[in-house]
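If you're wondering where the values come from, they're calculated on a predicted model, not measured in any experiment. Hydrogens, waters and symmetry mates play no part in the numbers below; they use all other heavy atoms, side chains included. For ligands, and for the atoms within them, numbers begin at 1 and follow the listed sequence.
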Amino acid sequence: ATMPPLLAAIAHAGRRGVLIKSAVVMENLASIATVAFDKTGTITSGRPMLSDVEALPGGGHSGDEVLALAAAVERLSEHPLADAVAGAAARRGLRVPLATDFAAHPGSGVTGVVDGLRVAVVAPRAAGIPQHSPAAAAVARFESRGETAVLVVRDGAPIGVLALTDTARPDAAGAVAALDRDGLGTALVTGDNSHAAARVAAEVGIGDVRAGLLPDGKTAAVADLRDAGGAVAMVGDGVNDAPALASADAGIALGGAGSDLALRASDVVIVRDDLDAVPGILAFARKAHRVVV
Ligand code: ADP
Ligand code: MG
């Protein structure tokens, strides 16, 4: 017996590493007007590098101490930024203490207890630093270079700022160009700062940039894009993307380095983090839809 066309289409996509969780998803994919991309780990490689460590005056710690305290907490995190921090501490040969009471705050950062001290590694917007402080100045300097700045906070007081940089995946610009050619809109939705977001967006050709978003803010951005232009696909990899993936007309998770939560919240999983598969599966779904109906 021959397979029904819809099942044949799903099987075909599966053989190419694109897992589609249900038949109705194929129809939703065929109607997508705008594709919203997460930045860190989705448009970018997800392997950022630590580019700078600044110990703040009055913080009482050297740069290496700041990095070791941050790494102690980040070692317990699965976020792409965490690997960069822990990896840099290891490369410098620092002794990284054990952390307890670890908590991840999606879209904001991580906290833990290290040698009896409460340590947070967090986005500047989550750290509540005063304007005109040395911490604010260091953050502004790093962000103006298009980098991601994170605060290291000890018992409520900022002790240092880390700068991280990430580069776009080699296939990101091509995937965006293909979506453009197919007449679809694109947007970047990220929890990172607006400078870093704008730098990466320019590199890959995305014009609509929404930065500084908490997970709920990504969901609101998806709703806003839907109001403006019709059905929205969200592409993401992280725990921070799960609400937006679940709320989009089609949630597309990158499987390679993605979190379990993102995979569960999604309708489609791209098994190997191949961004060309995004325009590919949308075009395929439109074609399959025409054959089936
Ligand atoms: P994106 O939307 O680009 O994937 P996230 O929402 O995961 O980014 O993170 C937003 C911001 O929150 C980061 O730019 C960083 O400032 C902060 N952050 C999140 N997780 C961590 C972490 N594990 N360590 C340090 N900072 C973090
Ligand atoms: Mg991400």
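Neither the backbone nor the side chain of Pro215 has any atom closer than 4.0 Å to an atom of ligand 1 (non-hydrogen atoms only). Under 4.0 Å from ligand 1, the heavy atoms of Val150 that appear belong solely to its side chain. Contacts of Ser77 with ligand 1, taken as heavy-atom pairs under 4.0 Å, involve the side chain alone. At a 4.0 Å heavy-atom cut-off, ligand 1 touches Glu74 through the side chain alone. At a heavy-atom distance under 4.0 Å, only side-chain atoms of Leu81, from C-beta outward, approach ligand 1. The part of Arg125 lying near ligand 1 is the side chain, judged by heavy-atom distances below 4.0 Å.
Residue Thr148 approaches ligand 1 through these ligand atoms, each under 4.0 Å from one of its heavy atoms: 14 (O). Taking every heavy atom of Asp192 and a limit of under 4.0 angstrom, the matching atoms of ligand 1 come to 10 (C), 14 (O). With ligand atoms numbered from 1 in the order given, ligand 1 contributes 23 (N) to contacts under 4.0 Å with heavy atoms of Val110. Within ligand 1, the atoms closer than 4.0 Å to a non-hydrogen atom of Thr190 are 1 (P), 2 (O), 3 (O), numbered from 1 in the order shown. Every atom of ligand 1 with a heavy atom of Ala123 under 4.0 Å away is listed here by number and element: 12 (O), 16 (O), 17 (C). Annotation for ligand 1: atoms under 4.0 Å from non-hydrogen atoms of Gly109 are 18 (N), 19 (C), 20 (N), 21 (C), 27 (C). Set against the non-hydrogen atoms of Lys39, the atoms of ligand 1 under 4.0 Å away are 3 (O).
Formation of a donor-acceptor pair under 3.5 Å by the Asn193 side chain with backbone atoms of His195 is found in this model. Judged by distance alone, with hydrogens and angles left aside, the side-chain atoms of Arg125 form no donor-acceptor pair with the main-chain N or O of Asp192 at under 3.5 Å. At distances below 3.5 Å, not a single donor-acceptor pair connects side-chain atoms of Thr42 with backbone N or O atoms of Lys39. Using a distance-only test at 3.5 Å, with no hydrogens or angles considered, a donor-acceptor pair links the side chain of Asp249 to the main chain of Val232. Listed for the Asp182 side chain is no donor-acceptor partner under 3.5 Å among the backbone atoms of Leu179. A distance-only check finds no donor-acceptor pair linking the side chain of Arg75 to the backbone of Ala99 [under 3.5 Å].
Among all protein heavy atoms, the one lying closest to atom 7 (O) of ligand 1 is His79 NE2, 2.6 Å. In this structure, atom 12 (O) of ligand 1 lies nearest to the protein heavy atom Gly107 O, 3.1 Å. In this structure, atom 17 (C) of ligand 1 lies nearest to the protein heavy atom Ser108 O, 3.3 Å.
Both Val85 and Val152 are part of a single hydrophobic cluster, where members link through side-chain heavy atoms under 4.5 Å apart. Note on Ile206 and Leu213: separate hydrophobic clusters, where clusters join Ile, Leu, Val, Met, Phe, Trp and Tyr whose side-chain heavy atoms are under 4.5 Å apart, directly or indirectly. Cluster annotation: Val114 and Val161 are assigned to distinct hydrophobic clusters (Ile/Leu/Val/Met/Phe/Trp/Tyr, side-chain heavy-atom contacts under 4.5 Å, transitive).
When distances from the Mg ion (ligand 2) to the N, O or S atoms of Asp38 are compared, OD2 comes out shortest. Note on Asp237: its N/O/S atom closest to the Mg ion (ligand 2) is OD1.
The shortest N/O to N/O separation between Lys218 and ligand 1 falls below 3.5 Å. The distance criterion of under 3.5 Å between nitrogen or oxygen atoms is met by Asp38 with respect to ligand 1. At under 3.5 Å, not a single nitrogen or oxygen of Val189, backbone or side chain, sits near a nitrogen or oxygen of ligand 1. Note: no N/O pair closer than 3.5 Å links Pro124 and ligand 1 by distance alone.
Ligand 1 lies out of reach of Gly41, whose nearest heavy atom is not under 4.0 Å from it.
Inclusion of Thr40 in the first shell of the Mg ion (ligand 2) is supported: an N, O or S atom falls under 2.8 Å.
Under a cut-off of 6.0 angstrom, the local environment of CZ in Arg47 is sparse, with at most 12 non-hydrogen atoms contributed by other residues, nucleotides or ligands.
Here the options are Asp224, Leu188, Val222, the test is side-chain contact (heavy atoms from CB on, under 4.5 Å), and the partner is Arg210; only Asp224 passes. If you run side-chain contact (heavy atoms from CB on, under 4.5 Å) between Ile159 and each of Leu69, Val153, Leu117, Val119, only Leu69 comes through.
For the pair Ala288 and Met26, the tightest heavy-atom approach, listed with the atom from each and the gap, is CB-CE, 3.9 Å.
Of all the listed residues (Asp237, Asn240, Val239), Asn240 holds the heavy atom that lies closest to atom 5 (P) of ligand 1.
Salt-bridge formation is not detected for the pair Asp52/Arg141: no Lys NZ or Arg NE/NH1/NH2 atom is positioned less than 4.0 Å from an Asp or Glu carboxylate oxygen.
The closest side-chain donor-acceptor pair between Asp267 and Ser22, if any, does not fall under 3.5 angstrom.
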